[in-house]
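It should be emphasised that the depicted structure is a prediction, and the values quoted were computed from it without experimental measurement.
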Amino acid sequence: MTCHLEVKSKYGHQKKISDTTEFKELTKKDAEIQLSHELDKLLLTSANEKERYEHEFAGYKKLFEQFLQGAGPSVQWDKIEPLPAEAIKNYASLVEPLPGSLKDMLNKLVVVKLNGGLGTSMGCTGPKSIIPVRNDLTFLDLTVQQIEHLNNTYDADVPLVLMNSFNTDEDTQKVLRKYRGFRIKIHTFTQSKFPRVNKESLMPIAYSLDDDDPEAWYPPGHGDFYGTFCKSGLCEMFLKEGREFCFISNIDNLGATVDISILNSLINPPKHPSPEFVMEVTDKTNADVKGGTLIQYEGKLRLMEIAQVPKDHVDEFKSVKKFKIFNTNNLWIKLESISRLVSIGGLDMEIIVNPKHLDNGINVIQLETAAGAAMKDFNGAIGIIVPRSRFLPVKKTSDLLLVKSNLYSMQNGYLVMSPLRAFPTVPLVKLGDNHFSKVQEFLRRFASIPDMLELDHLTVSGDVTFGRNVSLKGTVIIIANHGDRIDIPPGSILENKIVSGNLRILDH
């Protein structure tokens, strides 16, 4: 038997609401009340941190409420409009500034690196930023070198800001001591610390604010930047110093360096007013089909992520022909606008529901937001199509192999593509997870990094090792089946080769 709840509409007619709808609404309300109750109990577990967590939990409650309203696709496909001509600029159209103006321009800039991630996916402990990537230099070393070089070259004072998470803050602070003698001011702040909730009960799995169990808590994505940056006092401090823009990027993107042409387009725009938000986008390849893209929607330029796409349009979203660009997460944003929007609560970022399976068997969800999703809330936001060289993330050891190779040389912390490479794109590299996914294991399998200048594609699977001075050209596929092992001899030249089976080189 189906029951119905009758309510009066504003026109006086009787409206019927099914018991299913009512049940769902009551369940949502109950979950909200219960979560609030559990968070209040958590606040009582620590006198020292109570004030900080009260502020953070207020933000968390808003996210949770948003989640309960429904986290399904948020884009109505038929409402996507064609991109206006002025919405996206080409990097080639930007004007380089006069050398004499560079000091003043750079002194209006703040560089922000998102430094909340751990190196666990690559088998490392501690912050990802302290993994050595080239010549024993870490991501953080290279960033500091780049900014110090700018400051020395142009007699400038560009500061570096690190947004740490509770996972990375302590270890990062220890490492920062080694940069004390450098010509660079480094500031840090820590993003929010939110409780993971049990997927079934929707209740926090943490039992105390002093609980050190890292699985009970999580940092809620880089969309948290805006609020925590302002709360830290850094935004206000930089505005008082006369700084105007910040350049935000992931610390593991080695292509995300300060670009003076983009900075010039913001400080000396061809048309006033200057855009408050610029997102660097680059041409999509088949390796980037899941990356967020830009669309015009309800009269505003906005970022569309794959999670927001209705299921029957996902293939269309992935099409390189229809959506030709994707977000690099290199963002240039006006500081004054960040301050204004945070103060009036004017940022509305789509929620990302990230399910996790913990080692103890519990299924949890963490609610996150992405910095690029705030684009639609800023005035005059635009995209700039940048060269692929500005997107060089190191997420896996296959990326690490590329940046360690002779495809690049290094100058003042910048990786520069070798002029001897015939194509501007990098090879497609796939290394098997079982034997290559962890950095230490990966390094053990290469006596030296192969010559890859003429390589198009490399696939390696199974128990494979490389001797010294190996050269890879064209398409190379090396597969050692289960129980087999392949040792590529020193000095080998593999060009358009498939190697499989068993190949052992024994020392004697």
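D259 places a side-chain N or O within donor-acceptor distance of the main-chain N or O of S261, the cut-off being under 3.5 Å. Under the 3.5 Å distance criterion, the side-chain polar atoms of N268 are left unmatched by any main-chain donor or acceptor of P270. Although no hydrogens or angles enter the test, the distance criterion places a donor-acceptor pair under 3.5 Å between the side chain of R134 and the main chain of S405. With hydrogens and angles ignored, the 3.5 Å screen pairs no side-chain donor or acceptor of R390 with any backbone N or O of T328. The main-chain N or O of F166 is never found under 3.5 Å from a side-chain atom of K193 such that the two would form a donor-acceptor pair. Side-chain N or O atoms of N264 include one that pairs as donor or acceptor with a backbone N or O of V95 at under 3.5 Å. Using modelled atom types, one side-chain atom of E81 and one backbone atom of G299 make a donor-acceptor pair closer than 3.5 Å. Judged by distance alone, the side chain of E305 and the main-chain N or O of K290 form no donor-acceptor pair under 3.5 Å. The backbone N or O of N164 sits nowhere less than 3.5 Å from a side-chain atom of T168 that would complete a donor-acceptor pair.
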Yes or no on side-chain hydrogen bond (donor to acceptor under 3.5 Å, both in side chains) for D288 and T285, after CA distance, side-chain angles and deciding distance?
CA-CA 5 Å; D288 317 302; T285 68; 2.7 Å; yes
One pair to check against side chain to side chain contact (heavy atoms under 4.5 Å, CB included): L162 and L140. What are the steps and the verdict?
CA-CA 10 Å; L162 301 173; L140 192 51; 4.0 Å; yes
Could you walk me through whether N412 and Q145 pass the side-chain hydrogen bond (donor to acceptor under 3.5 Å, both in side chains) test, one step at a time?
CA-CA 6 Å; N412 304 307; Q145 269 196 15; over 6 Å; no
For a side-chain hydrogen bond (donor to acceptor under 3.5 Å, both in side chains) check, start with the C-alpha distance between S101 and D104, then their side-chain angles and the critical distance, and finish with the verdict.
CA-CA 6 Å; S101 65; D104 287 342; over 6 Å; no
Apply side-chain hydrogen bond (donor to acceptor under 3.5 Å, both in side chains) to N327 and T293, showing your working.
CA-CA 6 Å; N327 170 29; T293 193; over 6 Å; no
In sequence, state the C-alpha distance, the side-chain angles, and the governing distance for M237 and H187, and then conclude on side chain to side chain contact (heavy atoms under 4.5 Å, CB included).
CA-CA 11 Å; M237 182 189 85; H187 307 269; 3.6 Å; yes
Would V161 and T188 count as a side chain to side chain contact (heavy atoms under 4.5 Å, CB included) here? Give the steps.
CA-CA 5 Å; V161 176; T188 65; over 6 Å; no
Side chain to side chain contact (heavy atoms under 4.5 Å, CB included) assessment of I186 paired with I184
CA-CA 6 Å; I186 303 177; I184 179 173; 4.2 Å; yes
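Salt-bridge annotation for E236 and K231: absent, with no side-chain N of the basic residue lying under 4.0 Å from a carboxylate O of the acidic one. Between K324 and D283, no side-chain nitrogen of the basic residue sits less than 4.0 Å from a carboxylate oxygen of the acidic one, so the salt-bridge criterion is not met. Under the 4.0 Å criterion applied to side-chain N and carboxylate O atoms, K108 and E244 are assigned as salt-bridge partners. A salt bridge links R52 and E56; the closest N-O separation between the charged side-chain nitrogens and carboxylate oxygens is under 4.0 Å. Comment: R183 does not engage E148 in a salt bridge, judged by the lack of any side-chain N to carboxylate O separation of less than 4.0 angstrom. D348 has no carboxylate O lying under 4.0 Å from a charged side-chain N of K62, or vice versa, which leaves the two without a salt bridge. Contact check on K185 versus E241 returns no salt bridge, with no Lys/Arg side-chain nitrogen under 4.0 Å from an Asp/Glu carboxylate oxygen.
Here the rule is side chain to side chain contact (heavy atoms under 4.5 Å, CB included) with R302, and of V75, D377, L294 only V75 fits it.
Taking the six-membered ring where the residue is Trp, F326 and F391 present perpendicular rings, their angle passing 60° and hence far from 30°. H149 and Y414 have perpendicular rings, their planes meeting at more than 60° on a 0 to 90° scale where under 30° would count as parallel. Using cut-offs of 30° and 60° for the angle between ring planes, the F225 and F189 rings count as tilted. Ring planes of Y218 and Y60: perpendicular class, angle over 60° (limits at 30 and 60°). Between W217 and Y53, the angle of the ring planes lies from 30° to 60°, which puts this pair in the tilted group.
Across all non-hydrogen atoms, the minimal contact from N406 to S418 is O-CB, 3.6 Å. When all heavy atoms are compared, the tightest approach of G383 to L301 is N-CD2, 3.9 Å. Counting all heavy atoms, side chain and backbone alike, I80 lies closest to M304 at CD1-SD, 4.1 Å. Of all heavy-atom pairs between K395 and N250, the closest is NZ-ND2, 4.2 Å. For the residue pair F229 and L335, the shortest heavy atom distance occurs at CE2-CD2, 3.8 Å. When all heavy atoms of E86 and I382 are compared, the pair lying nearest together is O-CG2, 3.9 Å.
If you take CG on D252 and CE on M122, they are separated by 9.0 Å, rounding to the nearest 0.5 Å. Between T397 atom OG1 and L402 atom CG the span is 10.0 Å, to the nearest 0.5 Å. The line from CG of N330 to CE of M279 is 10.0 Å long, rounded to the nearest 0.5 Å. Rounded to the nearest 0.5 Å, atoms CG (L458) and CG (L401) are 7.0 Å apart. Interatomic distance, CD1 of I333 versus CZ of F245, reported as 10.5 Å (0.5 Å rounding). Rounding to the nearest 0.5 angstrom, the gap separating the CG atom in L83 from the OH atom in Y297 is 14.5 Å.
Under the 3.5 Å distance criterion, with hydrogens and angles disregarded, no donor-acceptor pair is assigned to the side chains of S398 and K430.
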